[in-house]
Amino acid sequence: TPVNFISYFHKVIDRFELTKQENVSFIRDFPDEKIVIEIDQDKITQVLDNIISNALKYSPQGGKITFRVRKKEDHIEVSVSDEGVGIPKSDLSKIFERFYRVDKARSRKLGGTGLGLAIAKEVVIAHGGRIWAESQERKGTTIYFTLPTERVKEDE
Ligand code: ATP
Ligand code: MG
């Protein structure tokens, strides 16, 4: 179904804004223009929920989380940046594999199963998009994904 992506994304973030710790701040950097795209809203919500929970989970006290949407020629690029522990280069591509977790001890303490990003990847690819991560250890992580603005045929 066609969704006004910006207002939808605001609602998803608002839900986290209500429950997050006060010392973490949220920044939204969105285009002014209206962007209507075809998405499975429940599934993309699952993707965003996981990416945002990860950002919160690995953020330090007082950390900043930045949400961005960029309109490109035939897709939008959505990103969530944190100022957390970061991910070593050698692990960057593996975090999208099932059950893969960087630093097992730390991850176990913080909870989770290591499935979140694997599911996110499946959903984004099913929508005709891509997902990737950029990170600097001890500086922070950005998770990016794209969604086509012109809907490709769906195989569900
Ligand atoms: P689940 O999502 O199933 O509850 P999880 O959060 O551990 O568990 P994923 O969301 O798939 O699993 O993430 C995989 C791993 O990638 C995490 O265990 C963590 O090591 C690393 N990771 C993901 N996001 C971040 C982030 N923002 N900063 C640092 N490490 C991250
Ligand atoms: Mg997760």
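Counting convention: from 1, in listed order, for ligands and their atoms alike.
Of all atoms in ligand 1, numbered sequentially from 1 with element shown, those under 4.0 Å from a heavy atom of N50 are 2 (O), 10 (O). Taking every heavy atom of Y100 and a limit of under 4.0 angstrom, the matching atoms of ligand 1 come to 14 (C), 15 (C).
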Residue pair D14, R28: steps toward the salt bridge (charged side-chain N to carboxylate O under 4.0 Å, His left out) verdict: CA-CA 11 Å; D14 287 344; R28 310 179 198 208; 2.8 Å; yes
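The heavy atom nearest to atom 17 (C) of ligand 1, out of those in F99, Y58, F96, is found in Y58. For atom 21 (C) of ligand 1, the choice among D103, D82, I95, L115 with the nearest heavy atom turns out to be I95.
The shortest distance between side-chain heavy atoms of R15 and T45 falls below 4.5 Å.
Nearest approach of P60 to V24, heavy atoms of both residues: O-CG2, 4.4 Å. Across all non-hydrogen atoms, the minimal contact from R98 to L115 is CG-CD2, 3.8 Å. Closest non-hydrogen pair, K71 versus I76, comes out as CA-CG2, 4.3 Å. Taking all atoms of both residues into account, the shortest heavy-atom contact from K20 to S25 is NZ-CA, 4.5 Å. Nearest heavy-atom pair, I44 versus I39, reported as atom, atom and distance to 0.1 Å: CG1-CB, 3.9 Å.
For the Mg ion (ligand 2), protein N/O/S neighbours under 2.8 Å (waters excluded) are N50 OD1, N54 OD1.
The distance criterion of under 3.5 Å between nitrogen or oxygen atoms is met by L117 with respect to ligand 1. The N/O atoms of G116, backbone and side chain alike, include one that comes under 3.5 Å of an N/O atom in ligand 1. Between V102 and ligand 1, an N or O atom pair is found at a separation short of 3.5 Å.
Remark: distances from the non-hydrogen atoms of G86 to ligand 1 include one below 4.0 Å. At a 4.0 Å cut-off, at least one heavy atom of G114 sits close enough to ligand 1 to count as contact.
Within the hydrophobic cluster formed by Ile, Leu, Val, Met, Phe, Trp and Tyr side chains joined at under 4.5 Å, directly or through other members, W132 is accompanied by Y144.
T142 is linked by a side-chain hydrogen bond (donor to acceptor under 3.5 Å, both in side chains) to S81, counting only residues two or more places apart in sequence or in another chain.
Residue contacts with ligand 1, taken as heavy atom pairs separated by less than 4.0 Å, involve T113 via backbone and side-chain atoms alike. The proximity of I143 to ligand 1, defined as any non-hydrogen pair under 4.0 Å, does not occur for either the backbone or the side chain.
Checked for salt-bridge contact, K64 and D82 miss the test: no charged N lies under 4.0 Å from a carboxylate O.
For residues 12-55, the pairs satisfying ring pair (Phe, Tyr, Trp, His ring centres under 6.0 Å) are F9-F30, H10-F30, F26-F67, with sequence neighbours left out.
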